[in-house]
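Structure, as structure tokens:
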Amino acid sequence: MVNLLKLAIGLSLLILTPSTGFAGEHLRLATTTSTENSGLLAELLPPFEMANDCKVDVIAVGTGKAIKLGETGDVDVIMVHARNKEDQFVNAGYGVDRRDVMYNDFVILGPANDPAGIKGSKAAAETLSRIAANKSTFISRGDDSGTHSREKQLWQKAGIIPAGDWYLEAGRGMGEVIVMAGERQGYTMSDRGTYIAYSEKTPLKVVVEGDEGLFNPYGVIIVNPSRHAHIKFELAKKFLDYLTSHQAKVLITGLRKGGKQLFYVSE
Amino acid sequence: MGYLGDSLLTAFELILNFDRDIRMTAWVSLYTSSCAIVIAALLGVPIGLWLGLNRFRGRQLLLALLNTLMALPTVVVGLLLFGLLSRQGPLGPLGLLFTPLAMIIGQTVLATPIVANLVLAAVTGADQRIIDTALTLGASRLQAAIQLLREIRFGVMAAVIAGFGRVIAEVGVAMMLGGNIRNSTRTMTTAIALETSKGEFAFGLALGILLLSIALLVNLFLNVLQQR
């Protein structure tokens with residue numbers, strides 16, 4: 001009994017000791033799961049952290065949630081890929097100093113036998129119409145992510161409200177949705193980076209690519225310090241300067257997975 | 001999916017290499033769950049004792065409430081505390097969100113009802129004469145209660161073990177309140193969730209095997225304490 005007490009006291013003392021190493025300031029970054037899962041941040045962040053003696057805490061969630069975290073001031077910076085939402089964010093006064101960081105593209109994935117017959121098309125919205133007409137299984141992210149936002153825009157462009165047994169709203173991350181589409185032998189829309197990461201594991205193939213509407217730019221925004229006084233504005237500004245610097249561009253364009261480049265930058 | 005065999009091999013490699021990232025996730029899991037169960041025990045044992053020994057109006061309602069709290073989904077606890085701890089919430093200025101302390105708070109909320117309920121069960125099942133005897137021998141109410149605790153220590157230990165199992169295995173609270181930040185708030189369970197979302201099933205399962213091994217070690221240790 002006494003020993004148990006000793007144990008309890010010992011453990012309580014443990015509470016007072018910091019559990020992780022601290023390196024100066026912490027900058028909180030909310031970003032999307034696709035960005036984090038690509039491995040880009042593991043390459044990109046260390047030089048910045050070393051140069052500024054800080055640590056960037058990455059919270060990887062869907063674009064929708066990342067933006068909410070920015071609105072409430074729970075993070076200092078957001079990096080997402082939904083231009084319309086980013087613009088709304090800045091215009092409503094939640095963010096300042098939006099900058100382009102990098103881009104890649106979305107692709108439409110489908111089973112090898114391509115039941116809706118859309119392979120090779122370069123008109124994304126039109127292929128969605130054909131999928132709907134054919135009632136081919138389509139798995140949507142359904143989670144308010146950047147990818148989901150773009151998917152919704154394309155359905156709008158096609159003038160269709162997707163509904164029915166064939167349209168499955170998964171509410172999960174990109175990887176899980178690719179797995180689901182593979183199992184259900186259906187179509188889905190994905191960012192190229194995640195597809196490249198999964199290309200060995202999935203039977204799905206790229207059926208549509210190259211449409212302007214599939215262009216996927218990533219932006220970074222500082223959370224507005226006038227709304228939230230605790231925002232690390234100076235450090236965030238340095239971070240944005242770093243992300244748009246030549247050094248960062250080299251690292252971004254240098255990232256390869258399976259021999260393929262994942263992200264591009266505009267010079 | 002042929003990853004079941006793969007994962008055992010990967011688990012061995014993980015344990016042998018034990019690289020820094022894995023070490024950190026194991027540490028964060030152990031650290032947060034241990035702190036949480038200590039606090040939960042300090043809260044739950046007295047609550048369980050008190051509920052077991054006292055009779056008062058509304059007691060049945062309280063018991064029903066306690067039972068219901070045991071069915072709290074972790075993600076609901078995560079949501080409630082997120083609302084409290086977010087910058088927009090009442091405790092916002094403390095800046096606790098996405099820190100290990102937030103996870104400890106959440107896990108304490110999860111574990112306390114379990115500890116309280118199981119201690120209550122142990123008290124109810126104990127021999128009433130222990131209290132009576134102690135009181136007739138001149139013990140104060142507090143001393144009598146401690147004497148009872150001694151008698152039911154197996155039950156109390158079981159309560160602590162059950163609570164610990166619940167918190168070290170959960171994802172919802174750690175994910176929502178911790179944010180799965182690498183080398184900071186990433187626990188073994190949130191790491192498994194991450195690897196699974198990346199399609200790394202073998203690695204995820206290997207982490208799961210590692211987690212179970214660590215939990216086994218902890219429970220062996222607690223068992224030794226229990227036998228004393």
Side-chain angles (χ1 to χ4, degrees), chain A residues 1-4 7-22 26 28-30 33-34 36-39 41-42 45 55-61 65 68-69 71-75 172-179 182-183 194 197-198 200-202 223 227-231, chain B residues 1 3 20-21 24 27-28 30-32 34-39 41-42 45 82-83 85-89 92-93 95-101 103-104 146 149-150 153 156-157 160 175-176 178-186 193-201 221-222 224-226 228:
Chain A
M1 185 67 193
V2 177
N3 285 325
L4 203 63
L7 187 71
I9 293 173
L11 280 173
S12 324
L13 285 176
L14 225 55
I15 300 178
L16 300 172
T17 31
S19 63
T20 55
F22 293 115
H26 283 246
R28 284 195 175 164
L29 169 70
T33 46
S34 50
E36 169 75 336
N37 290 352
S38 66
L41 296 175
L45 296 180
K55 186 173 177 294
V56 180
D57 289 337
V58 177
I59 295 144
V61 288
K65 185 162 180 196
K68 284 261 158 46
L69 289 176
E71 285 174 11
T72 56
D74 284 312
V75 294
R172 312 221 48 210
M174 195 68 249
E176 285 108 335
V177 165
I178 290 181
V179 171
E183 296 289 325
T194 309
Y198 274 74
E200 308 279 312
K201 303 178 239 196
T202 181
V223 173
R227 270 190 183 254
H228 303 282
H230 62 269
I231 295 299
Chain B
M1 281 280 171
Y3 62 89
R20 182 162 189 268
D21 273 2
M24 278 306 298
W27 168 244
V28 174
L30 275 174
Y31 170 73
T32 53
S34 306
C35 293
I37 196 61
V38 165
I39 302 171
L42 290 172
V45 171
F82 192 94
L85 299 177
S86 159
R87 291 274 171 186
Q88 288 220 308
L96 289 175
L97 200 58
F98 304 139
T99 64
L101 187 50
M103 296 196 292
I104 291 172
I146 293 179
L149 257 186
R150 276 220 172 88
R153 66 185 180 282
V156 172
M157 206 27 136
V160 171
M175 192 65 94
M176 283 225 74
N180 199 17
I181 301 171
R182 186 164 158 259
N183 289 342
S184 177
T185 58
R186 185 167 295 172
L194 175 62
E195 293 305 321
T196 314
S197 80
K198 286 155 77 175
E200 299 283 345
F201 297 123
F221 168 68
L222 288 177
V224 164
L225 282 182
Q226 192 177 31
R228 288 169 123 270

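Quick note on labels: first sequence line is chain A, next is B, and so on, each numbered from 1. These numbers come from the heavy atoms of this one structure, side chains and all, not from hydrogens, waters or symmetry mates.
Residue B:Glu195 does not touch chain A at all, counting heavy-atom pairs closer than 4.5 Å. For A:His230, the part sitting under 4.5 Å from any heavy atom of chain B is the side chain, from C-beta outward, and nothing else. Heavy-atom distances place the side chain of A:Arg28, and not its backbone, under 4.5 Å from chain B. Contacts of A:Leu69 with chain B are made by side-chain atoms alone, with heavy-atom separations under 4.5 Å and no backbone atom involved.
Shown here for B:Leu194 and A:Asn37, the closest heavy-atom pair between the two residues is CD1-OD1, 3.6 Å. Summarising the geometry of B:Arg87 relative to A:Thr72, their closest heavy-atom pair is CB-O, 3.2 Å, with the distance given to 0.1 Å.
Crowding of A:Arg172 atom CZ: a count of heavy atoms from other residues, nucleotides or ligands under 6.0 Å not exceeding 12.
Listed options A:Gly173, A:Gly73, A:Ala197 were ranked by heavy-atom pairs under 4.5 angstrom with chain B; first place goes to A:Gly73.
Atoms CZ and CD1, from B:Phe98 and A:Ile59 in turn, are 4.5 Å apart once rounded to the nearest 0.5 Å. How far CG of A:Asp57 is from CZ of B:Arg182: 11.5 Å, rounded to the nearest 0.5 Å.
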task: Show the numbers, then the answer: is there a side-chain contact (heavy atoms from CB on, under 4.5 Å) between B:Ile181 and A:Lys55?
output: CA-CA 11 Å; B:Ile181 301 171; A:Lys55 186 173 177 294; 4.0 Å; yes
- request: Given side-chain contact (heavy atoms from CB on, under 4.5 Å), test A:Lys68 with B:Gln88 step by step and report yes or no.
  value: CA-CA 11 Å; A:Lys68 284 261 158 46; B:Gln88 288 220 308; over 6 Å; no
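For the pair A:Met174/B:Ser197, no side-chain contact is recorded, criterion being any heavy-atom separation below 4.5 Å from C-beta on.
A cation-pi arrangement is present between A:Lys65 and B:Phe82 under the rule of less than 6.0 angstrom and at most 45 degrees off the ring axis.
Looking at residues two or more places apart in sequence or on another chain, you find no salt bridge (charged side-chain N to carboxylate O under 4.0 Å, His left out) involving A:Glu71. Not counting sequence neighbours, the partners of B:Arg186 by the salt bridge (charged side-chain N to carboxylate O under 4.0 Å, His left out) test are A:Glu36.
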